[in-house]
Amino acid sequence: MIVKVKEVPVRYNGQTYSPNEEFEMDKAHVNENIVEVVEDDEVNPFEKMTKDQLKAELDRLEISYEADAKKEVLVKALSEAPTE
């Protein structure tokens, strides 16, 4: 994931990073007292989609869903769908 140094320089993997500098850090090493997460590559890609996009993808995969389903339900359905 990409993190940004807050106020105090951070040493990570043999390199020192200054405040406001961004770099890649293992999720297991993140301490949000000294860095802030800028980009979390572990975010489910379906979470970034709109409801209409999710429904279109579910239709394409021929997966049924309730017409008034909440976005979280649609994301879960796609996340659990068998891969092609």
(message) How long is the straight-line distance from NZ of Lys51 back to CG of Leu74, given to the nearest 0.5 Å?
(response) 6.5 Å
(request) May I ask you to check whether over 12 heavy atoms, not counting those of Lys6, lie within 6.0 Å of atom NZ? (result) yes
(message) Within this structure, what is the CG-CD distance for the pair Asn33 and Glu7, rounded to the nearest 0.5 Å?
(response) 10.5 Å
(request) To the nearest 0.5 Å, tell me how far Lys71 NZ sits from Phe46 CZ. (result) 12.0 Å
(message) Using 30° and 60° as the class boundaries, would you call the ring planes of Phe23 and Tyr12 parallel, tilted or perpendicular?
(response) tilted
(request) To the nearest 0.5 Å, tell me how far Leu54 CG sits from Lys70 NZ. (result) 15.0 Å
(message) Once side-chain contact (heavy atoms from CB on, under 4.5 Å) is applied, do any residues pair with Ile34, and if so which ones, sequence neighbours excluded?
(response) Val10, Asn31
(message) Can you give me the closest heavy-atom contact between Arg11 and Thr16, atom names plus distance?
(response) NH1-OG1, 3.0 Å
(request) Find out whether Lys4 and Asn20 are in side-chain contact, i.e. whether some heavy atom of one side chain is under 4.5 Å from a heavy atom of the other. (result) yes
(request) Tell me, please, which residues at least two apart from Tyr65 pass ring-ring contact (aromatic ring centres under 6.0 Å, His included). (result) none
(message) Looking at Glu21, is its backbone amide N or carbonyl O close enough to the side chain of Ser18 to form a donor-acceptor pair, meaning the two atoms are under 3.5 Å apart?
(response) no
(request) With rounding to the nearest 0.5 Å, note down the distance linking CG in Leu61 to CG in Leu78. (result) 6.5 Å
(message) Within the 4.5 Å heavy-atom criterion, are Val38 and Val3 side-chain neighbours or not?
(response) no
(request) Could you state whether Val37 and Val5 fall into the same hydrophobic cluster, counting links through intermediate Ile, Leu, Val, Met, Phe, Trp or Tyr residues with side-chain heavy atoms under 4.5 angstrom apart? (result) yes
(message) Would you say CD of Glu80 has more than 12 non-hydrogen atoms from neighbouring residues, nucleotides or ligands within 6.0 angstrom?
(response) yes
(message) Let me confirm one number: the CD-OG distance from Glu72 to Ser79, rounded to the nearest 0.5 Å.
(response) 11.5 Å
